[in-house]
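Let me begin by presenting the structure, written as structure tokens, before commenting on it.
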Amino acid sequence: MGKVIRKTLFGDLFNILEYEEYFSEMSREGFHLQKIGRYFAYFEEGKPNYLNYKIDIVKKDEKEIRIRQYKRIDWKFVGEKDNFLVFSSPMNSGAGELYETLEEQRLALQNVKKEIFGGSIASIIMVVISILLLILVLCQRSKVEGGFYLLLTREELITSLILALISLLNDLEKKRNFKRLQKSLDREEFSRYSGDYLLMKNKFIIKKGIYFSIILFIIASLFYKISQDKYINLTEINNLDTLPVISIADIEIINYNRDKSSLSIIKDDIDYGNYIHSGWNILIPREYFLSETAIFQEGNYKGKDSRLSVHYYLGRTETIAKGLEKDLVFRKNTGYILKPSQTQGDSGYTYYGAEEEDRKTVLVRKGKEVVLVDYYDGRASLEDIVEAVLRKLGGKEGRH
């Protein structure tokens, strides 16, 4: 018994013409097919021989019957995988064809198709349902986040949808290969051993290489995102001026003490009343959220702690930044109306402002940068907040 080697299966066995050609070529090089596994074909090394191979697709409960039928017309059973049976016969042996006509073979393929993919209508319905479910999940999560562009800040969901889409594309590819096989019968090519295995292999490698690169990129992005995901107490930051977010000190002229809020939650040594969170993802490479609580030394005119929250986004493109601006306006307007005001020029920017009871809200976009500020129980005006934000973004000189 010769040495057994294994070779990777490139593409599924629906590429019948290509694999019949490949197995025959291997036999001429002295490698004879012994069995087929999930990902590999196993060959026994021996003397070169000229063998023809035939691959048939049958229902699983008809395999034994089909093997006996092939044996009667001089085809030797070699191996099987799922619904596929592989047979061999010496070239010019006079081995007959199992199917007397191409029409008979078409009907056999159509019959087994129902077992592999289900009925054609049911198959189409399942594909449509899968696509609709992906869209529905995306739309529902988009509503929860406040819009499509805000959804981009939650890269994990986008990643899962991409992976689900790749899986769906793989299923669709199998169906396309099956349909191509059926068309080969219409062109009367099925029994001519005219497949191009090398071409099929190269296409498979390129396609899988693209899928693998996408998955590898997603995995690397997630690891990098985790490394950039940080929660830091404000007391641990020496200089907030290096960050593109404002603090209470940037908008108030009186002294204050940073203090724990009655709403703060201390967990894992993080004071969630006074902290900054930094994030990253592929489409929004810089993201910060700052929360700060203060007690003015001169006393707060309402007797409450002043609270500041700031969201900062840097979009990969200006289109993403404009989308974030639109989504943030929509989300805020579910509570009250942000009033738009636009300034044009070399340092043009867009800002929105709103004031209601103890809260002042400002939204500013300049180029690819978007900043949302909510300030509670403070003394700074909307104009003070806008100027402070623009100073951080380099869009306007501050007051002197």
Side-chain angles (χ1 to χ4, degrees), residues 142-155 229 231-232 234 240 243-252 261 263 272-281 283-294 306-343 347-378 380-396:
S142 176
K143 289 180 181 179
V144 171
E145 296 297 337
F148 173 76
Y149 288 93
L150 283 174
L151 177 64
L152 297 181
T153 65
R154 303 294 178 260
E155 190 177 61
D229 196 59
Y231 291 82
I232 305 172
L234 293 182
L240 276 173
L243 300 174
V245 291
I246 66 171
S247 66
I248 293 177
D250 294 314
I251 56 178
E252 294 286 0
S261 166
L263 299 177
Y272 285 94
N274 296 281
Y275 78 103
I276 188 166
H277 170 253
S278 64
W280 176 95
N281 72 41
L283 298 177
I284 303 173
R286 294 182 72 191
E287 180 184 354
Y288 294 100
F289 173 72
L290 177 141
S291 177
E292 186 177 17
T293 306
S306 293
R307 292 186 293 114
L308 175 72
S309 68
V310 184
H311 291 267
Y312 170 89
Y313 306 93
L314 172 65
R316 183 69 67 181
T317 66
E318 193 164 332
T319 299
I320 293 175
K322 289 180 179 179
L324 287 169
E325 172 193 348
K326 181 179 178 181
D327 287 353
L328 288 168
V329 170
F330 175 79
R331 186 167 72 179
K332 281 296 179 181
N333 280 347
T334 58
Y336 58 94
I337 303 300
L338 281 171
K339 300 176 182 178
S341 178
Q342 180 119 10
T343 301
S347 59
Y349 59 91
T350 304
Y351 81 85
Y352 303 77
E355 186 171 0
E356 183 179 88
E357 296 180 354
D358 59 351
R359 176 172 62 176
K360 299 180 182 72
T361 298
V362 166
L363 174 63
V364 178
R365 181 185 64 81
K366 182 178 184 298
K368 299 177 184 178
E369 298 175 286
V370 182
V371 179
L372 174 66
V373 179
D374 282 304
Y375 190 39
Y376 302 85
D377 297 313
S381 66
L382 289 175
E383 290 75 17
D384 295 330
I385 298 172
V386 171
E387 288 190 15
V389 171
L390 290 174
R391 284 197 299 271
K392 286 286 185 177
L393 301 182
K396 190 175 181 180

Is there a side-chain contact between [X] and [Y] (heavy atoms, below 4.5 Å)?
| X | Y | value |
| --- | --- | --- |
| T350 | E325 | yes |
| I385 | I246 | yes |
| I251 | E387 | no |
| V362 | Y352 | no |
| R359 | D374 | yes |
| L393 | V371 | yes |
| V373 | L308 | yes |
| V364 | L372 | no |

What distance do [X] atom [atom1] and [Y] atom [atom2] have between them, rounded to the nearest 0.5 Å?
| X | Y | atom1 | atom2 | answer |
| --- | --- | --- | --- | --- |
| L314 | L283 | CG | CG | 11.5 Å |
| Y312 | E369 | OH | CD | 3.5 Å |
| Y272 | S291 | OH | OG | 11.0 Å |
| S306 | Y376 | OG | OH | 12.5 Å |
| E287 | S278 | CD | OG | 9.5 Å |
| F289 | Y231 | CZ | OH | 9.5 Å |

For a quick test of reading the model, state the closest non-hydrogen atom pair linking P285 to R316 and the distance between them.
CB-NH2, 3.7 Å

Of all heavy-atom pairs linking L382 and K360, the shortest is CD2-CB, 3.8 Å

Backbone N/O of [Y] and side chain of [X]: donor-acceptor pair under 3.5 Å:
| X | Y | result |
| --- | --- | --- |
| D250 | S247 | yes |
| T361 | A354 | no |
| R365 | G367 | yes |

Residue list, side-chain hydrogen bond (donor to acceptor under 3.5 Å, both in side chains) with E318, at least two apart or on another chain
none

Suppose we screen for side-chain contact (heavy atoms from CB on, under 4.5 Å). Which residues come up paired with L234, at least two apart in sequence or across chains?
I237, L240, R258, N274, I276, L290, E292

Report the relative orientation of the aromatic rings in H311 and Y313; use parallel for angles under 30°, tilted for 30 to 60°, perpendicular for over 60°.
parallel

Let me see the working for T293 and I248 under side-chain contact (heavy atoms from CB on, under 4.5 Å), right down to the final yes or no.
CA-CA 8 Å; T293 306; I248 293 177; over 6 Å; no

Take H277 and D229 through the side-chain contact (heavy atoms from CB on, under 4.5 Å) test and state the conclusion after the steps.
CA-CA 7 Å; H277 170 253; D229 196 59; 2.6 Å; yes

Pair L324, I284 - check side-chain contact (heavy atoms from CB on, under 4.5 Å), show working.
CA-CA 10 Å; L324 287 169; I284 303 173; 4.0 Å; yes

Can you tell me if E252 and Y375 form a side-chain donor-acceptor pair at under 3.5 Å?
yes

